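Worksheet for the structure shown next.
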Amino acid sequence: MHHSQINSDIRKLIAEGTVLPAHPLALTAERRLDKTHQRALTRYYIDAGAGGLAVGVHTTQFAIRDVGLYRPVLELAAETAASWTTRPLALVAGLVGSTSQATTEARTARDIGYHAGLLSLAAMKCASEDEIIAHCTAVAAEIPLVGFYLQPAVGGVILSSRFWQRFAAIDNVVAIKIAPFNRYRTLDVLRGVAAAGALDRVALYTGNDDHILLDLMLPFDLRDNGITTRTYFKGGLLGHWSVWTATAVKQFERCKAARHKDSVPADLLALDARVTDCNSAFFDVANNFHGCIAGCHEVLRRQGLMQGLWCLDPNEALSPGQKEEIDRVTREHADLSDDAFVAANLNKWLA
């Protein structure tokens, strides 16, 4: 599928930027798919105002592939979304593994009705950049691609600006999730896309949980041969946005409104630090992100959107001290939660 075949409203949505929460996996105590709460999560994100869903990604747990849940989880999200709303929603499927595996997953996602694939390169750690570009080109032949610069702490590969120039030149690339948690590497991607002349075609999405709001509101000036090109992140695709999503949508709209202006309110700039503080607890920064998935589960469990913290890997759980950190940020940043919104709608979502 070529990106020109995507519904025009959804193409516009991706290109102009939106909120894409990374969809978690709801499990029972027996570590089986909890369809009731999985559907409730999808409904929550839609009613919170998200512009789409990212399913089968890191937050969904890559191990769904090992237990035969990749297709069922993607299908459940797509079917729930189609029955819950008629507004355009961008559906992004996570793609992982070797070229053979990633292209197979791309076909599966495309056949279910997903519009793009978020391509993880974690399996390509030992490959050259030439080999990675060949891999990306092969997968892009099956489905429009969202590139993914993942931080090394959770399996990412360090890539050059030249790599991102070559990647952005692939015709079926529609966006890049930039998530190295590193300002220098973030700029490498922006410079690469600009050098490819692809800023008008490839939408920049932040995955930098340490600077979400700053990425979304600030201009980036790129210089080449004395010529300045100014660009912006268009949207975000974030595991952090799997929680407190209704508030995240409001923050995103505030950031969009602040773009292209001569000044940005100091309170909005300062809010970035508060969001980052919350993320430090949810994502377990103190323990090198070991409890990042369980941390998001804990927030959703407290709201009733999940029954427990269970992950497919029993070793994935909250780290020592992480619950207390979540207690702290929940208390200190209570106004950033969407607890009241969830409480008012939870029974409807669980029905």
Side-chain angles (χ1 to χ4, degrees), residues 1-23 50-58 60 70-71 73-75 77-78 81-82 87-124 132-150 159 163-179 189-190 192-193 196-207 231 233-238:
M1 179 174 70
H2 188 260
H3 64 77
S4 61
Q5 297 172 267
I6 302 173
N7 173 283
S8 60
D9 289 336
I10 294 171
R11 278 210 320 273
K12 182 178 179 183
L13 185 66
I14 295 170
E16 293 185 352
T18 191
V19 170
L20 293 173
H23 203 309
L53 303 166
V55 188
V57 294
H58 177 248
T60 323
Y70 182 73
R71 176 183 279 274
V73 167
L74 263 63
E75 286 179 336
R87 69 178 174 88
L89 284 176
L91 297 181
V92 178
L95 311 175
V96 306
S98 65
T99 303
S100 175
Q101 179 179 343
T103 53
T104 298
E105 291 186 359
R107 294 184 199 108
T108 297
R110 181 191 66 205
D111 292 346
I112 294 170
Y114 281 70
H115 307 107
L118 178 69
L119 183 60
S120 170
L121 301 176
M124 308 295 290
I132 298 174
I133 287 294
H135 169 77
C136 296
T137 302
V139 182
E142 303 294 338
I143 196 170
L145 284 191
V146 177
F148 189 8
Y149 200 177
L150 177 65
L159 298 160
F163 169 85
W164 290 109
Q165 179 180 350
R166 296 172 68 190
F167 179 83
I170 298 172
D171 175 63
N172 214 21
V173 169
V174 294
I176 299 173
K177 171 180 173 172
I178 304 172
V189 184
L190 271 61
V193 178
L199 286 171
D200 290 338
R201 173 174 56 82
V202 177
L204 304 175
Y205 276 67
T206 185
T231 192
F233 278 86
K234 297 296 182 68
L237 196 166
L238 294 147

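Count residues from 1 along the sequence. Quick caveat, the model's predicted, so the values are computed rather than measured.
- In this structure, Thr104 contributes its side chain and Ser100 its backbone to a donor-acceptor pair below 3.5 Å.
- Minimum interatomic distance between Tyr70 and Ala109 (heavy atoms only, all atoms of both residues): OH-CB, 4.4 Å.
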(Q) Test side-chain contact (heavy atoms from CB on, under 4.5 Å) on Leu20 and Val146; report intermediate values, then the result. (A) CA-CA 12 Å; Leu20 293 173; Val146 177; over 6 Å; no

| field | Stepwise side-chain contact (heavy atoms from CB on, under 4.5 Å) check, Val202 with Phe167 | value | CA-CA 10 Å; Val202 177; Phe167 179 83; over 6 Å; no

Please tabulate, for side-chain N and O atoms in residues 135-142, each donor-acceptor pair with protein atoms closer than 3.5 Å (sequence neighbours left out).
unit_1	atom_1	unit_2	atom_2	d
His135	ND1	Thr99	OG1	2.7
Thr137	OG1	Ile133	O	2.8
Glu142	OE1	Arg107	NE	3.4
Glu142	OE1	Arg110	NH1	2.8
Glu142	OE2	Arg107	NE	3.4
Glu142	OE2	Arg107	NH2	3.4

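- In this structure, Ala179 and Gly207 approach most closely via the heavy-atom pair CB-O, 3.4 Å.
- Side-chain atoms of Thr206 do not come within 3.5 Å of backbone N or O of Gly236 as any donor-acceptor pair.
- Across Val173 and Ile176, no two heavy atoms sit closer than the pair CG1-CG1, 4.5 Å.
- Scanning all heavy atoms of the two residues, the minimum distance from Phe148 to Leu118 falls at CB-CD1, 3.8 Å.
- Separation of atoms CG (Leu95) and OG1 (Thr103) is listed at 9.5 Å; rounding is to 0.5 Å.
- The CZ atom of Phe233 sits 11.5 Å away from atom NZ of Lys177, with the distance rounded to the nearest 0.5 Å.
- Between the CG atom in Leu89 and the CG atom in Asp9 there is a gap of 11.5 Å [rounded to 0.5 Å].
- Asp171 and His2 share a side-chain donor-acceptor pair at under 3.5 Å.
- Taking both residues in full, the closest heavy atoms of Ala54 and Leu237 are given as CB-CD2, 3.7 Å, listed atom of the first, atom of the second, then distance.
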Applying side-chain contact (heavy atoms from CB on, under 4.5 Å) to Val189 and Leu159, what does each step give before you reach the verdict? CA-CA 9 Å; Val189 184; Leu159 298 160; over 6 Å; no

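- Looking at His115, its side chain does come within 3.5 Å of a backbone N or O of Leu91 through a donor-acceptor pair.
- Note that OH of Tyr114 is 4.0 Å distant from CG of Leu74, once rounded to the nearest 0.5 Å.
- Among residues at least two apart or in separate chains, there is no salt bridge (charged side-chain N to carboxylate O under 4.0 Å, His left out) pair with a member in residues 87-97.
- Here the CD1 atom belonging to Ile6 is positioned 15.5 Å from the NZ atom belonging to Lys12, to the nearest 0.5 angstrom.
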* Verdict with reasoning, Leu145 to Asn172, per side-chain contact (heavy atoms from CB on, under 4.5 Å) -> CA-CA 6 Å; Leu145 284 191; Asn172 214 21; 6.0 Å; no

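- Between Tyr205 and Ala175, the shortest heavy-atom distance links the atoms CD1-CB, 4.0 Å.
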